[in-house]
There are 2 protein chains.
Amino acid sequence: MKKKTAHEQFIAYLRSEGKNITPERLHILDAVLNQKAHFKIDDMIEKMSCAKKRVSRATVYRSIKTIENAGLIKYIRSINDEKIYEVQKEHHDHMICESCGKIFEFHDKDLETLQDLICESHGFTPKRHTMKIFGICEKCKKDD
Amino acid sequence: MKKKTAHEQFIAYLRSEGKNITPERLHILDAVLNQKAHFKIDDMIEKMSCAKKRVSRATVYRSIKTIENAGLIKYIRSINDEKIYEVQKEHHDHMICESCGKIFEFHDKDLETLQDLICESHGFTPKRHTMKIFGICEKCKKDD
DNA sequence: CAGATAATTGAGATTTAATCTCAATTACGA
DNA sequence: TCGTAATTGAGATTAAATCTCAATTATCTG
Ligand SMILES: [Mn+2]
Ligand SMILES: [Mn+2]
Ligand SMILES: [Zn+2]
Ligand SMILES: [Zn+2]
(Lines give C-alpha, C1' and ligand atoms only; values in the text may rest on other atoms or scores of the structure.)
(Ligands and ions follow the chains in the order given, each with its own letter.)
Protein backbone atom coordinates (compact mmCIF):
# COMPACT_ATOMS: atom_id res chain seq x y z
CA MET A 1 0.00 0.00 0.00
CA LYS A 2 1.20 3.46 -0.96
CA LYS A 3 2.36 5.89 1.68
CA LYS A 4 0.08 8.89 1.90
CA THR A 5 1.41 12.17 0.60
CA ALA A 6 1.54 15.15 2.94
CA HIS A 7 -1.31 16.61 0.95
CA GLU A 8 -3.44 13.54 1.54
CA GLN A 9 -2.50 13.44 5.18
CA PHE A 10 -3.60 17.02 5.59
CA ILE A 11 -6.94 16.41 3.96
CA ALA A 12 -7.47 13.35 6.12
CA TYR A 13 -6.63 15.42 9.19
CA LEU A 14 -9.06 18.17 8.25
CA ARG A 15 -11.80 15.61 7.65
CA SER A 16 -11.14 13.86 10.94
CA GLU A 17 -11.40 17.16 12.78
CA GLY A 18 -14.51 18.29 10.95
CA LYS A 19 -12.61 21.20 9.48
CA ASN A 20 -13.36 22.58 6.05
CA ILE A 21 -11.04 22.02 3.14
CA THR A 22 -10.45 25.54 1.92
CA PRO A 23 -8.30 26.81 -0.93
CA GLU A 24 -6.48 29.04 1.56
CA ARG A 25 -5.41 26.07 3.67
CA LEU A 26 -4.30 24.07 0.66
CA HIS A 27 -2.41 27.02 -0.76
CA ILE A 28 -0.49 27.51 2.43
CA LEU A 29 0.26 23.81 2.67
CA ASP A 30 1.65 23.85 -0.87
CA ALA A 31 3.82 26.86 -0.12
CA VAL A 32 5.11 25.17 2.99
CA LEU A 33 5.94 21.95 1.19
CA ASN A 34 7.77 23.81 -1.58
CA GLN A 35 9.87 25.54 1.03
CA LYS A 36 13.24 24.09 1.81
CA ALA A 37 13.36 22.28 5.16
CA HIS A 38 13.32 25.28 7.48
CA PHE A 39 11.24 28.42 7.15
CA LYS A 40 10.07 31.44 9.09
CA ILE A 41 6.44 32.40 9.32
CA ASP A 42 7.22 35.84 7.92
CA ASP A 43 8.54 34.25 4.75
CA MET A 44 5.21 32.53 4.38
CA ILE A 45 3.22 35.67 5.05
CA GLU A 46 5.20 37.51 2.42
CA LYS A 47 4.96 34.66 -0.04
CA MET A 48 1.22 34.46 0.41
CA SER A 49 0.68 38.17 0.05
CA CYS A 50 2.27 38.20 -3.41
CA ALA A 51 0.87 34.95 -4.73
CA LYS A 52 -1.86 34.85 -7.35
CA LYS A 53 -4.28 33.78 -4.70
CA ARG A 54 -3.37 36.00 -1.77
CA VAL A 55 -4.06 34.93 1.75
CA SER A 56 -4.25 37.21 4.76
CA ARG A 57 -1.77 37.32 7.58
CA ALA A 58 -4.34 36.10 10.09
CA THR A 59 -5.13 33.10 7.93
CA VAL A 60 -1.46 32.26 7.45
CA TYR A 61 -1.02 32.17 11.21
CA ARG A 62 -4.17 30.13 11.64
CA SER A 63 -3.35 27.64 8.90
CA ILE A 64 0.27 27.18 9.91
CA LYS A 65 -1.04 26.18 13.33
CA THR A 66 -3.49 23.78 11.70
CA ILE A 67 -0.73 22.24 9.60
CA GLU A 68 1.36 21.93 12.74
CA ASN A 69 -1.48 20.18 14.56
CA ALA A 70 -1.76 17.83 11.61
CA GLY A 71 1.84 16.87 12.38
CA LEU A 72 3.21 18.01 9.04
CA ILE A 73 5.47 20.74 10.33
CA LYS A 74 7.15 21.37 13.64
CA TYR A 75 8.10 24.48 15.54
CA ILE A 76 11.79 24.72 16.33
CA ARG A 77 14.06 27.52 17.37
CA SER A 78 17.48 28.45 16.16
CA ILE A 79 20.40 29.85 18.04
CA ASN A 80 19.36 33.50 18.05
CA ASP A 81 15.96 32.56 19.37
CA GLU A 82 14.45 32.94 15.91
CA LYS A 83 11.17 31.18 15.46
CA ILE A 84 11.44 28.63 12.74
CA TYR A 85 9.20 25.90 11.41
CA GLU A 86 10.43 22.78 9.74
CA VAL A 87 8.73 20.36 7.43
CA GLN A 88 8.41 17.02 9.19
CA LYS A 89 10.23 14.12 7.71
CA GLU A 90 11.42 11.19 9.75
CA HIS A 91 12.36 12.08 13.29
CA HIS A 92 15.76 13.64 13.67
CA ASP A 93 17.75 15.86 15.99
CA HIS A 94 19.80 18.98 15.36
CA MET A 95 23.29 20.29 15.49
CA ILE A 96 23.37 24.05 15.23
CA CYS A 97 26.53 25.91 14.31
CA GLU A 98 27.06 28.98 16.47
CA SER A 99 29.38 30.44 13.86
CA CYS A 100 27.44 30.19 10.60
CA GLY A 101 23.99 29.46 12.01
CA LYS A 102 23.52 26.42 9.79
CA ILE A 103 21.28 23.68 11.12
CA PHE A 104 22.42 20.09 10.59
CA GLU A 105 20.08 17.17 10.97
CA PHE A 106 21.14 13.81 12.30
CA HIS A 107 19.66 10.61 13.52
CA ASP A 108 21.29 8.00 15.68
CA LYS A 109 19.46 4.82 16.53
CA ASP A 110 21.61 4.06 19.58
CA LEU A 111 20.95 7.48 20.99
CA GLU A 112 17.21 7.05 20.60
CA THR A 113 17.33 3.64 22.24
CA LEU A 114 19.36 4.96 25.15
CA GLN A 115 16.87 7.78 25.65
CA ASP A 116 14.03 5.30 25.84
CA LEU A 117 15.91 3.23 28.38
CA ILE A 118 16.59 6.26 30.54
CA CYS A 119 12.92 7.24 30.45
CA GLU A 120 11.92 3.73 31.36
CA SER A 121 14.18 3.74 34.38
CA HIS A 122 12.47 6.92 35.55
CA GLY A 123 8.95 5.58 35.02
CA PHE A 124 8.47 8.22 32.33
CA THR A 125 6.65 7.38 29.10
CA PRO A 126 8.24 9.39 26.29
CA LYS A 127 6.08 10.67 23.46
CA ARG A 128 8.48 12.92 21.58
CA HIS A 129 11.65 14.82 22.20
CA THR A 130 13.87 17.53 20.90
CA MET A 131 17.59 17.65 21.15
CA LYS A 132 19.78 20.46 19.94
CA ILE A 133 23.53 20.45 20.10
CA PHE A 134 25.15 23.85 19.73
CA GLY A 135 28.75 24.14 18.64
CA ILE A 136 30.99 24.71 15.65
CA CYS A 137 30.59 22.88 12.38
CA GLU A 138 33.37 21.28 10.37
CA LYS A 139 33.41 24.00 7.71
CA CYS A 140 33.60 26.84 10.22
CA LYS A 141 36.48 25.16 12.00
CA LYS A 142 38.45 25.09 8.74
CA ASP A 143 37.60 28.65 7.73
CA ASP A 144 38.92 29.84 11.03
CA MET B 1 40.41 25.90 47.18
CA LYS B 2 36.77 26.84 47.74
CA LYS B 3 34.31 26.87 44.90
CA LYS B 4 33.05 30.36 44.15
CA THR B 5 29.51 31.17 45.15
CA ALA B 6 27.07 32.35 42.49
CA HIS B 7 27.28 35.78 44.06
CA GLU B 8 31.05 35.85 43.71
CA GLN B 9 30.84 34.54 40.18
CA PHE B 10 28.46 37.32 39.26
CA ILE B 11 30.69 40.01 40.71
CA ALA B 12 33.66 38.52 38.89
CA TYR B 13 31.68 38.56 35.67
CA LEU B 14 30.64 42.18 36.11
CA ARG B 15 34.24 43.18 36.80
CA SER B 16 35.54 41.28 33.81
CA GLU B 17 33.03 43.03 31.56
CA GLY B 18 33.65 46.47 33.02
CA LYS B 19 30.06 46.61 34.23
CA ASN B 20 29.11 48.41 37.41
CA ILE B 21 28.15 46.53 40.53
CA THR B 22 24.81 48.09 41.35
CA PRO B 23 22.40 47.29 44.19
CA GLU B 24 19.69 46.64 41.61
CA ARG B 25 21.75 43.92 39.93
CA LEU B 26 22.64 42.30 43.23
CA HIS B 27 19.06 42.46 44.41
CA ILE B 28 17.80 40.71 41.35
CA LEU B 29 20.51 38.08 41.60
CA ASP B 30 19.49 37.38 45.20
CA ALA B 31 15.85 37.07 44.26
CA VAL B 32 16.77 34.72 41.46
CA LEU B 33 18.90 32.52 43.69
CA ASN B 34 16.18 32.33 46.34
CA GLN B 35 13.75 31.16 43.70
CA LYS B 36 13.23 27.46 43.33
CA ALA B 37 14.84 25.98 40.25
CA HIS B 38 12.49 27.35 37.59
CA PHE B 39 10.97 30.80 37.39
CA LYS B 40 9.20 33.16 35.04
CA ILE B 41 10.38 36.68 34.44
CA ASP B 42 6.98 38.02 35.48
CA ASP B 43 7.41 36.46 38.91
CA MET B 44 10.63 38.39 39.24
CA ILE B 45 9.12 41.64 38.07
CA GLU B 46 6.35 41.30 40.60
CA LYS B 47 8.71 40.28 43.35
CA MET B 48 10.95 43.26 42.66
CA SER B 49 8.09 45.73 42.56
CA CYS B 50 7.01 44.81 46.10
CA ALA B 51 10.43 44.44 47.69
CA LYS B 52 11.82 47.01 50.09
CA LYS B 53 14.20 48.14 47.41
CA ARG B 54 12.01 48.19 44.33
CA VAL B 55 13.48 47.76 40.89
CA SER B 56 11.85 48.77 37.63
CA ARG B 57 10.60 46.38 35.01
CA ALA B 58 13.16 47.59 32.47
CA THR B 59 15.96 46.91 34.89
CA VAL B 60 14.65 43.45 35.74
CA TYR B 61 14.73 42.56 32.05
CA ARG B 62 18.17 44.07 31.66
CA SER B 63 19.64 42.38 34.70
CA ILE B 64 18.14 38.98 34.02
CA LYS B 65 19.88 39.13 30.68
CA THR B 66 23.12 40.10 32.38
CA ILE B 67 22.79 37.23 34.85
CA GLU B 68 22.12 34.93 31.94
CA ASN B 69 25.22 36.14 30.14
CA ALA B 70 27.16 35.48 33.32
CA GLY B 71 26.07 31.86 32.93
CA LEU B 72 24.17 31.74 36.22
CA ILE B 73 20.75 31.15 34.75
CA LYS B 74 19.50 29.66 31.54
CA TYR B 75 16.51 30.28 29.34
CA ILE B 76 14.35 27.22 28.79
CA ARG B 77 10.83 26.70 27.58
CA SER B 78 8.12 24.47 28.89
CA ILE B 79 5.47 22.55 27.03
CA ASN B 80 2.98 25.37 26.56
CA ASP B 81 5.70 27.54 25.13
CA GLU B 82 5.98 29.44 28.41
CA LYS B 83 9.21 31.31 28.84
CA ILE B 84 11.04 30.06 31.86
CA TYR B 85 14.46 30.65 33.33
CA GLU B 86 16.29 28.16 35.45
CA VAL B 87 19.12 28.57 37.90
CA GLN B 88 22.18 26.82 36.55
CA LYS B 89 23.48 23.91 38.50
CA GLU B 90 25.40 21.06 36.94
CA HIS B 91 24.39 20.27 33.39
CA HIS B 92 21.24 18.24 33.08
CA ASP B 93 18.46 17.46 30.65
CA HIS B 94 14.69 17.55 30.99
CA MET B 95 11.68 15.34 30.93
CA ILE B 96 8.49 17.34 30.72
CA CYS B 97 5.14 15.82 31.62
CA GLU B 98 2.44 16.76 29.12
CA SER B 99 -0.23 15.97 31.68
CA CYS B 100 0.80 17.87 34.81
CA GLY B 101 3.43 20.16 33.27
CA LYS B 102 6.06 19.19 35.81
CA ILE B 103 9.67 19.39 34.71
CA PHE B 104 11.99 16.57 35.78
CA GLU B 105 15.74 16.90 35.61
CA PHE B 106 18.03 14.04 34.82
CA HIS B 107 21.60 13.37 33.90
CA ASP B 108 23.02 10.33 32.22
CA LYS B 109 26.71 10.01 31.66
CA ASP B 110 26.37 7.42 28.89
CA LEU B 111 23.99 9.65 27.01
CA GLU B 112 26.40 12.56 27.19
CA THR B 113 29.27 10.40 26.02
CA LEU B 114 27.27 9.05 23.11
CA GLN B 115 26.32 12.57 22.08
CA ASP B 116 29.96 13.59 22.01
CA LEU B 117 30.83 10.56 19.90
CA ILE B 118 28.10 11.36 17.41
CA CYS B 119 29.29 14.93 17.12
CA GLU B 120 32.84 13.77 16.59
CA SER B 121 31.79 11.48 13.77
CA HIS B 122 30.17 14.49 12.07
CA GLY B 123 33.19 16.75 12.53
CA PHE B 124 31.08 18.92 14.80
CA THR B 125 32.55 20.40 17.99
CA PRO B 126 29.81 20.52 20.61
CA LYS B 127 29.74 23.37 23.08
CA ARG B 128 26.42 22.82 24.84
CA HIS B 129 23.12 21.14 24.19
CA THR B 130 19.55 20.95 25.30
CA MET B 131 17.41 17.89 25.30
CA LYS B 132 13.78 17.77 26.29
CA ILE B 133 11.73 14.62 26.38
CA PHE B 134 7.99 15.17 26.43
CA GLY B 135 5.67 12.47 27.70
CA ILE B 136 3.76 11.29 30.76
CA CYS B 137 5.28 11.07 34.22
CA GLU B 138 4.94 8.14 36.60
CA LYS B 139 2.47 9.91 38.88
CA CYS B 140 0.17 10.98 36.05
CA LYS B 141 0.12 7.44 34.70
CA LYS B 142 -1.13 6.18 38.07
CA ASP B 143 -3.69 8.95 38.59
CA ASP B 144 -5.18 8.07 35.27
C1' DC C 1 -28.94 21.48 -7.44
C1' DA C 2 -30.92 24.79 -3.90
C1' DG C 3 -31.12 26.36 0.73
C1' DA C 4 -29.85 26.23 5.54
C1' DT C 5 -26.12 26.31 8.68
C1' DA C 6 -21.88 26.53 10.55
C1' DA C 7 -17.04 27.34 9.53
C1' DT C 8 -13.71 30.40 7.61
C1' DT C 9 -11.77 34.48 5.90
C1' DG C 10 -9.83 39.38 5.58
C1' DA C 11 -8.91 43.87 7.26
C1' DG C 12 -8.00 46.35 10.75
C1' DA C 13 -8.07 46.78 15.83
C1' DT C 14 -6.10 45.01 19.91
C1' DT C 15 -3.05 42.82 23.03
C1' DT C 16 1.11 42.39 25.45
C1' DA C 17 6.00 41.01 26.24
C1' DA C 18 9.98 43.18 25.44
C1' DT C 19 12.66 47.03 24.17
C1' DC C 20 13.71 51.79 23.78
C1' DT C 21 14.23 56.82 25.17
C1' DC C 22 16.26 60.18 27.83
C1' DA C 23 16.71 62.96 31.92
C1' DA C 24 18.14 62.05 36.56
C1' DT C 25 20.96 59.29 39.43
C1' DT C 26 24.79 56.49 40.72
C1' DA C 27 29.25 53.83 40.53
C1' DC C 28 33.95 54.12 40.09
C1' DG C 29 38.70 55.34 38.93
C1' DA C 30 41.90 59.05 39.51
C1' DT D 1 36.12 64.66 46.19
C1' DC D 2 35.43 65.17 41.29
C1' DG D 3 34.58 64.10 36.46
C1' DT D 4 32.94 60.75 33.45
C1' DA D 5 30.59 57.04 31.89
C1' DA D 6 27.28 53.59 33.15
C1' DT D 7 22.83 52.68 34.93
C1' DT D 8 18.25 53.42 36.28
C1' DG D 9 13.08 54.47 36.17
C1' DA D 10 8.91 55.92 34.03
C1' DG D 11 6.57 56.04 30.37
C1' DA D 12 6.56 55.67 25.25
C1' DT D 13 7.24 52.59 21.60
C1' DT D 14 7.57 48.33 18.94
C1' DA D 15 6.05 44.34 16.73
C1' DA D 16 4.53 39.46 16.71
C1' DA D 17 0.55 37.24 17.46
C1' DT D 18 -4.21 37.20 18.38
C1' DC D 19 -8.81 38.87 18.24
C1' DT D 20 -13.23 40.93 16.24
C1' DC D 21 -16.95 40.66 13.34
C1' DA D 22 -19.25 41.33 8.96
C1' DA D 23 -18.92 39.11 4.55
C1' DT D 24 -17.90 34.95 2.25
C1' DT D 25 -17.60 30.05 1.55
C1' DA D 26 -17.74 24.90 2.42
C1' DT D 27 -20.56 21.23 3.50
C1' DC D 28 -24.66 18.70 4.46
C1' DT D 29 -29.40 17.41 3.40
C1' DG D 30 -33.12 16.43 0.69
MN1 LIG E 1 16.23 12.14 18.70
MN1 LIG F 1 22.54 16.32 28.20
ZN1 LIG G 1 29.24 26.59 10.84
ZN1 LIG H 1 2.83 14.40 35.19
Side-chain angles (χ1 to χ4, degrees), chain A residues 7-8 10-32 38-70 73-78 80-85, chain B residues 7 10-32 38-70 73-85:
Chain A
H7 196 271
E8 288 165 341
F10 189 48
I11 300 230
Y13 170 81
L14 292 175
R15 290 239 161 78
S16 75
E17 295 285 309
K19 291 183 182 305
N20 289 356
I21 295 161
T22 66
E24 289 83 3
R25 284 177 173 153
L26 297 181
H27 250 102
I28 293 168
L29 178 68
D30 285 346
V32 156
H38 303 111
F39 65 91
K40 296 191 234 106
I41 203 149
D42 263 346
D43 300 340
M44 279 301 138
I45 289 169
E46 192 176 8
K47 195 180 243 188
M48 297 315 294
S49 67
C50 305
K52 288 161 267 179
K53 170 69 170 101
R54 66 176 45 191
V55 179
S56 72
R57 185 162 31 95
T59 297
V60 173
Y61 273 107
R62 289 187 282 230
S63 296
I64 289 286
K65 202 162 284 182
T66 305
I67 295 171
E68 185 184 13
N69 290 337
I73 58 178
K74 199 172 71 176
Y75 196 20
I76 60 174
R77 263 168 236 267
S78 76
N80 42 345
D81 215 41
E82 259 187 329
K83 297 174 181 180
I84 290 185
Y85 282 90
Chain B
H7 196 270
F10 189 47
I11 300 235
Y13 171 79
L14 292 176
R15 290 240 161 79
S16 76
E17 294 286 308
K19 293 183 183 302
N20 290 355
I21 296 163
T22 67
E24 289 83 2
R25 284 177 173 155
L26 297 181
H27 251 101
I28 294 169
L29 178 69
D30 285 346
V32 156
H38 303 109
F39 65 91
K40 296 190 232 113
I41 203 149
D42 265 345
D43 300 340
M44 280 300 139
I45 290 169
E46 192 175 8
K47 195 180 242 188
M48 299 314 294
S49 66
C50 304
K52 290 161 269 183
K53 170 68 170 105
R54 67 176 44 189
V55 179
S56 73
R57 186 163 29 98
T59 297
V60 172
Y61 273 107
R62 290 187 281 229
S63 296
I64 290 285
K65 203 163 282 183
T66 305
I67 296 171
E68 186 184 12
N69 289 337
I73 58 177
K74 198 173 71 176
Y75 196 20
I76 60 175
R77 265 168 235 265
S78 75
I79 168 175
N80 41 346
D81 216 40
E82 259 187 329
K83 296 175 181 182
I84 291 185
Y85 282 89

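The chains referred to below are lettered A, B, ... by the order of the sequence lines, with proteins before strands, and numbering in each begins at 1.
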Visitor: Would you mind telling me which of D/dG9, C/dA17, D/dA16 lies closest to the side-chain atoms of B/Y61?
Guide: C/dA17
Visitor: Is the closest side-chain heavy-atom distance between B/I21 and B/F10 below 4.5 Å?
Guide: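 They are not in contact (no side-chain heavy atoms under 4.5 Å apart), so the answer is no.
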Visitor: Without decimals, in angstroms, what is the distance between A/H27 NE2 and C/dT8 C1'?
Guide: 16 Å
Visitor: Atom CZ of A/R57 and atom C1' of C/dG12: how far apart are they, to the nearest Å?
Guide: 9 Å
Visitor: Using a cut-off of strictly less than 4.0 Å between a heavy atom of the residue and any atom of DNA chain D, enumerate the qualifying residues of residues 38-47 of chain A by number.
Guide: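 By residue number: A/I41.
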Visitor: If you find the nucleotide of DNA chain C closest to A/K53 and the one closest to A/G18, which residue's nucleotide is nearer the 5' end?
Guide: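 The answer here is A/G18.
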Visitor: B/E82 has an atom CD; how far is it from atom P of C/dT16, in whole Å?
Guide: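 Roughly 15 Å, once rounded to whole Å.
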Visitor: Can you see if the side chain of B/S56 gets near the phosphate of D/dA10 - specifically, an N or O under 4.0 Å from OP1 or OP2?
Guide: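 So the side-chain polar atoms of B/S56 never come under 4.0 Å of the phosphate oxygens OP1 or OP2 of D/dA10.
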Visitor: It should be established whether B/K65 places a side-chain nitrogen or oxygen under 4.0 Å from OP1 or OP2 of nucleotide C/dA18.
Guide: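 No.
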Visitor: Atom NZ of A/K83 and atom C1' of D/dT18: how far apart are they, to the nearest Å?
Guide: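 To the nearest whole Å, that distance equals 12 Å.
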Visitor: Per the salt bridge (Lys or Arg N to Asp or Glu O under 4.0 Å) rule, what does the pair list look like for residues 57-70 of chain A, sequence neighbours excluded?
Guide: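 Of all non-adjacent pairs touching residues 57-70 of chain A, none passes salt bridge (Lys or Arg N to Asp or Glu O under 4.0 Å).
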Visitor: Which pairs with one or both residues in residues 16-25 of chain A pass side chain to side chain donor-acceptor pair (under 3.5 Å), sequence neighbours excluded?
Guide: A/E24-A/K53
Visitor: Of all residues at least two apart in sequence or in a different chain, which pass the side chain to side chain contact (heavy atoms under 4.5 Å, CB included) check with B/R54?
Guide: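 Partners of B/R54 under the side chain to side chain contact (heavy atoms under 4.5 Å, CB included) test: none.
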Visitor: Treat primed atoms plus P, OP1 and OP2 as sugar-phosphate and everything else as base, then score nucleotides 21-30 of chain D 5' to 3': B for base contact with protein heavy atoms under 4.0 Å, S for sugar-phosphate contact only, - for none.
Guide: -----SS---
Visitor: Using five base pairs at each end to define the local axes, how bent is the helix from C/dC1-D/dG30 to C/dA30-D/dT1, to the nearest 10°?
Guide: 50°
Visitor: Whole Å only: how far is the CE atom of B/M48 from the C1' atom of D/dT8?
Guide: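 So the CE-C1' distance, B/M48 to D/dT8, works out to 13 Å.
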Visitor: Whole angstroms only, please: what is the CG-C1' distance between A/L26 and C/dT9?
Guide: 14 Å
Visitor: For B/H38, give me all partners under ring pair (Phe, Tyr, Trp, His ring centres under 6.0 Å), at least two apart in sequence or on another chain.
Guide: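 B/H38 satisfies ring pair (Phe, Tyr, Trp, His ring centres under 6.0 Å) with B/H94 once adjacent residues are dropped.
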Visitor: So, taking the atom named CD1 in B/I84 and the one named CD1 in B/I73, what distance separates them when rounded to the nearest 0.5 Å?
Guide: 12.5 Å
Visitor: Any side-chain N or O of A/R25 under 4.0 Å from OP1/OP2 of C/dT8?
Guide: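 Answer yes for this pair, as a side-chain N or O of A/R25 is under 4.0 Å from OP1 or OP2.
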Visitor: Looking only at heavy atoms, which two atoms of B/V60 and B/I41 are closest? And how far apart?
Guide: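 Smallest heavy-atom distance, with atoms named: CG1-CG1, 4.4 Å.
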Visitor: Can you tell me how far apart CD1 (A/I64) and CG (A/L29) are? Round to the nearest 0.5 Å.
Guide: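 It is 9.0 Å, given to the nearest 0.5 Å.
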Visitor: Pairs of donor and acceptor atoms involving the side chains of residues 43-50 of chain B, under 3.5 Å and at least two apart or interchain, shall be tabulated with distances.
Guide:
{"residue": "B/D43", "atom": "OD2", "partner": "B/K40", "partner atom": "N", "Å": "3.3"}
{"residue": "B/K47", "atom": "NZ", "partner": "B/Q35", "partner atom": "OE1", "Å": "2.8"}
{"residue": "B/S49", "atom": "OG", "partner": "B/I45", "partner atom": "O", "Å": "3.4"}
{"residue": "B/S49", "atom": "OG", "partner": "B/E46", "partner atom": "O", "Å": "2.8"}

Visitor: Report the residues that fulfil salt bridge (Lys or Arg N to Asp or Glu O under 4.0 Å) with A/K52, sequence neighbours left out, ordered by chain and then residue number.
Guide: none
Visitor: Among residues two or more places apart or on two chains, list those pairs meeting ring pair (Phe, Tyr, Trp, His ring centres under 6.0 Å) that have a residue in residues 39-70 of chain B.
Guide: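 Residue pairs with at least one partner in residues 39-70 of chain B: B/F39-B/Y85.
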